[in-house]
**Student:** 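Have a look at this one.
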Amino acid sequence: MPYCEVDRYQNGDKWEGVRLFYRRYGRGATKVLLVVGLAGTHDSWGLQIKGLTGSVEPTDEDAPRTDEEAGDAAAAVSTADDDGDGEGEGAGIEVCSFDNRGVGRSSILPHKSDYSTAIMARDALALMDHLGWKKAHVFGHSMGAMISCKLAAIAPHRLCSLGLLNVTGGGLECLPKVDGQMLSLAFRFLRAKTPEERAHVDLETHYTKEYLDEKLESCTRRAILYKEYVRNISSSGMQSSCGFEGQINACWTHKMTTKELDTIRGAGFLVSVIHGRSDIIAQICHAKRLAERLLPAARMVDLQGAHLVSHERPDEVNNAMMDLIKATKYAMKPHEWSSQPEITSGLIVMGFEHMRNIVRVMKPVRVAAIES
C-alpha cells in the first residue's frame with residue numbers, strides 16, 4: 001500500500017513517523033492534488049477522480065483497466081493537454097488523493113496540538129515532494145480547502161492553480177447556520193454511536209432534501225446513499241475521537257492573515273471558489289467574502305447543492321475544475337478570469353482559446369530585411 005512519511009512526533013519516550021495513505025489515478029503531465037475535508041477519506045473524491053482521469057482504478061499498483069475505463073480515460077486525456085507541469089510525460093491528468101492525518105489509514109496522532117491547517121498543509125507539501133511533483137493544481141473541500149489555502153500561502157510557487165470547494169475562513173465561520181434543524185442535527189451527531197445513526201445525520205447534513213428525496217427507479221436516493229454510507233463506515237470504522245477532535249481543532253484555529261491572502265492573490269495563479277448555495281455547514285456568504293478578498297485572481301462559482309455539492313452536482317463541479325485547469329494552460333490573465341460570468345460548461349475558456357488562436361494567426365509577421 002502507498003504510504004508517505006511526512007513528519008515525526010513524540011509518543012512517550014520515542015519518536016514515531018507520521019504516515020499519509022495516498023492513491024494515484026491516471027497518468028499525464030498535468031498534476032492534480034485533492035485535499036479532503038473533515039472526517040473524509042481519499043475515496044470521497046471518487047466522482048471528481050472519475051471526471052478528471054476517466055477511471056477510479058488506482059495506478060499506483062498498475063491495476064488493469066477494463067475496456068470501458070480505457071475509453072473513459074482516453075476521453076479525459078483529450079480534454080487536458082500537457083500544461084508544462086510534467087516533463088516529457090505527454091497529455092493527460094494524474095490525480096493524487098490522500099487521507100489527512102487523523103483519519104482513514106493515515107496516522108492518528110494523540111494530541112490536538114498535532115493538528116492545524118498549517119501542519120496539514122506541510123503534510124500535503126511533503127507528499128508532493130514524495131511524488132516528485134514540482135507543481136500541481138490543488139483542490140480542497142471544506143477543511144481541505146482551508147488546508148489548501150495554507151499550502152498556497154506557504155509555497156505559492158508549487159501551485160498551478162487553487163480550487164476551493166465549500167470553504168470558510170475557519171474559527172467562528174465554522175459555526176453552521178443556527179436554526180432548529182441544525183440544533184437537532186448537532187444533537188443527533190453527538191449521540192451517534194453506530195454507522196446507521198451516523199449515516200442518517202451525515203445525509204441530512206451534507207445533501208439537500210430535494211436531492212435525497214428524488215426518486216430513482218423503485219426507491220429514493222436517500223435509501224441508496226444510506227446503504228452506501230453504512231457499508232463504507234462499517235468497513236472503514238468510525239473516525240477515532242483523537243483524530244476527529246484534532247481535525248476539529250484544525251478547523252477552529254484556522255485563520256488566513258491579510259499577508260497570506262495577499263501572497264495568494266499576488267502569486268500569479270488563478271483561483272476558483274466553488275460552493276453549494278444550500279450549504280448549512282459552510283455558509284456561502286463566507287466563501288463569497290473570501291473570493292472577494294482574492295480578487296482579481298478568484299472567480300466565484302455557486303451551484304445548486306449543499307455541503308457535498310461535488311456529489312450532488314458532479315458534472316458541474318468537474319467542469320468548473322477543468323475550466324480552471326484549462327484557463328491555467330492557456331495562460332488566462334487574472335482579470336480576464338475573474339471578470340467572466342460564473343460558468344459550468346467550459347465554453348468561455350474554449351472561446352478564450354479560440355480568440356487567442358485567431359489573434360495569433362492575424363498577428364503581422366515580422367520579416368527580416370533581405371541583404372543584397
Side-chain angles (χ1 to χ4, degrees), residues 22-26 28 30 32-59 63 65-66 68-77 79-80 92-100 104 137-145 148 163-167 199 202-203 205-208 210-212 214 216 221-222 224-229 231-233 235-236 272-279 281-282 301-326 343-346:
Y22 69 91
R23 286 293 202 189
R24 300 166 78 168
Y25 308 85
T30 301
V32 175
L33 185 68
L34 302 177
V35 190
V36 75
L38 175 71
T41 54
H42 67 283
D43 48 6
S44 300
W45 287 105
L47 293 170
Q48 281 61 59
I49 293 167
K50 173 78 170 179
L52 293 173
T53 70
S55 173
V56 292
E57 287 297 321
T59 55
R65 290 179 174 177
T66 65
E68 181 181 357
E69 288 169 342
D72 289 342
V77 165
T79 66
I93 298 178
E94 180 179 352
V95 171
C96 178
S97 62
F98 61 97
D99 297 345
N100 286 308
H137 299 272
V138 177
F139 292 90
H141 175 264
S142 194
M143 180 189 74
S148 299
L164 305 173
L165 284 72
N166 297 82
V167 68
D202 280 359
L203 289 179
T205 305
H206 291 90
Y207 299 96
T208 59
E210 294 76 16
Y211 180 76
L212 292 174
E214 186 178 344
L216 297 176
R221 182 179 275 110
R222 184 192 301 271
I224 296 172
L225 289 176
Y226 172 76
K227 292 179 181 179
E228 292 179 0
Y229 263 66
R231 183 174 63 250
N232 292 337
I233 297 173
S235 62
S236 61
S272 188
V273 181
I274 305 168
H275 213 94
R277 300 185 193 112
S278 302
D279 191 341
I281 297 177
V301 180
D302 66 87
L303 304 171
Q304 178 55 41
H307 194 59
L308 280 179
V309 68
S310 55
H311 290 193
E312 281 198 50
R313 296 288 183 267
D315 292 341
E316 294 169 68
V317 169
N318 293 347
N319 284 336
M321 294 169 71
M322 283 304 306
D323 287 339
L324 182 59
I325 293 170
K326 289 179 181 179
I343 56 174
T344 56
S345 66

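Note that the structure is a prediction, hence the values are computed from the model and not measured.
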**Student:** Sequence neighbours excluded, which residues qualify as ring pair (Phe, Tyr, Trp, His ring centres under 6.0 Å) partners of Y226?
**Tutor:**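 H200.
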**Student:** Nearest 0.5 Å, please: how far is CG in L225 from CG in D202?
**Tutor:**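 Between D202 CG and L225 CG, I get 11.0 Å after rounding to 0.5 Å.
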**Student:** Please report the C-alpha distance between I281 and N166 in whole Å, then the side-chain angles of each, then the deciding distance to 0.1 Å, and finally whether the side chain to side chain contact (heavy atoms under 4.5 Å, CB included) criterion is met.
**Tutor:** CA-CA 9 Å; I281 297 177; N166 297 82; over 6 Å; no
**Student:** From L203 CG over to I224 CD1, what is the distance, rounded to the nearest 0.5 angstrom?
**Tutor:**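 Going from CG on L203 over to CD1 on I224, the span is 11.5 Å.
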**Student:** Apply side chain to side chain contact (heavy atoms under 4.5 Å, CB included) to V36 and list each qualifying residue two or more places apart in sequence or on a separate chain.
**Tutor:**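 Expected list: S44, W45, N100.
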**Student:** Among all residues two or more places apart in sequence or in another chain, which pass the side-chain hydrogen bond (donor to acceptor under 3.5 Å, both in side chains) test with R221?
**Tutor:**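 By the side-chain hydrogen bond (donor to acceptor under 3.5 Å, both in side chains) rule, R221 matches Y211, E214.
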**Student:** For Q304, check side-chain hydrogen bond (donor to acceptor under 3.5 Å, both in side chains) against everything at least two apart and list the hits.
**Tutor:**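 Result, side-chain hydrogen bond (donor to acceptor under 3.5 Å, both in side chains) vs Q304: none returned.
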**Student:** Can you list the residues that meet the ring pair (Phe, Tyr, Trp, His ring centres under 6.0 Å) rule with F98, with sequence neighbours excluded?
**Tutor:**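 Expected list: none.
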**Student:** Tell me, do L47 and S310 make a side-chain contact under 4.5 Å, heavy atoms counted?
**Tutor:**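 Of all side-chain heavy-atom pairs linking S310 with L47, none is under 4.5 Å.
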**Student:** Out of curiosity, R23 CZ to C96 SG, how far, rounded to the nearest 0.5 Å?
**Tutor:**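 If we round to the nearest 0.5 Å, R23:CZ and C96:SG are 10.5 Å apart.
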**Student:** Closest heavy-atom contact between S272 and V301?
**Tutor:**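 Of all heavy-atom pairs spanning S272 and V301, the closest is OG-CG2, 4.0 Å.
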**Student:** Treating T59 as the side-chain partner and R24 as the backbone partner, does any N or O pair qualify as donor plus acceptor under 3.5 Å?
**Tutor:**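 Checking the backbone N and O of R24 against the side chain of T59, a donor-acceptor pair under 3.5 Å is found.
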**Student:** Counting distance only, does the side-chain N/O of H275 pair as donor-acceptor with the main-chain N or O of A282 below 3.5 Å?
**Tutor:**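 Between the backbone of A282 and the side chain of H275 there is a qualifying donor-acceptor contact (under 3.5 Å).
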**Student:** Which atom pair, heavy atoms only, marks the closest approach of T208 to S278?
**Tutor:**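 Of all heavy-atom pairs spanning T208 and S278, the closest is CG2-CB, 3.7 Å.
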**Student:** Apply side-chain hydrogen bond (donor to acceptor under 3.5 Å, both in side chains) to D43 and list each qualifying residue two or more places apart in sequence or on a separate chain.
**Tutor:**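 Expected list: T41.
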**Student:** Within this structure, what is the CZ-CG distance for the pair R313 and L303, rounded to the nearest 0.5 Å?
**Tutor:**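 The CZ atom of R313 sits 8.5 Å away from the CG atom of L303.
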**Student:** Sequence neighbours left out, what passes side chain to side chain contact (heavy atoms under 4.5 Å, CB included) with L38? Give chain and number order.
**Tutor:**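 Per chain and number, L38 pairs via side chain to side chain contact (heavy atoms under 4.5 Å, CB included) with M143, F244, Q247, I248.
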**Student:** Give, for atom CD of Q48 and atom CG of L34, the distance between the pair rounded to the nearest 0.5 Å.
**Tutor:**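 Here the rounded value is 7.5 Å.
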**Student:** Of the options H42, E57, E94, which is the one that meets Y25 in a side chain to side chain contact (heavy atoms under 4.5 Å, CB included)?
**Tutor:**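 Among the candidates, only H42 passes.
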**Student:** As an exercise, state the distance from CZ of F139 to CG of L324, rounded to the nearest 0.5 Å.
**Tutor:**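 F139 CZ to L324 CG: 4.5 Å, rounded to 0.5 Å.
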**Student:** Output, in order, the C-alpha distance, side-chain angles, deciding distance and verdict of side chain to side chain contact (heavy atoms under 4.5 Å, CB included) for I49 and S97.
**Tutor:** CA-CA 9 Å; I49 293 167; S97 62; 3.8 Å; yes
**Student:** Which atoms form the tightest heavy-atom contact between I233 and A199, and what is the distance?
**Tutor:**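 Closest approach of I233 to A199: CD1-N, 4.4 Å.
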**Student:** What's the shortest heavy-atom distance between S148 and L164, and which atoms?
**Tutor:**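 Taking S148 first and L164 second, the nearest heavy atoms are CB-CD2, 4.2 Å.
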**Student:** By side-chain hydrogen bond (donor to acceptor under 3.5 Å, both in side chains), which residues pair with H307, not counting sequence neighbours?
**Tutor:**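 side-chain hydrogen bond (donor to acceptor under 3.5 Å, both in side chains) check on H307 returns S142, D279.
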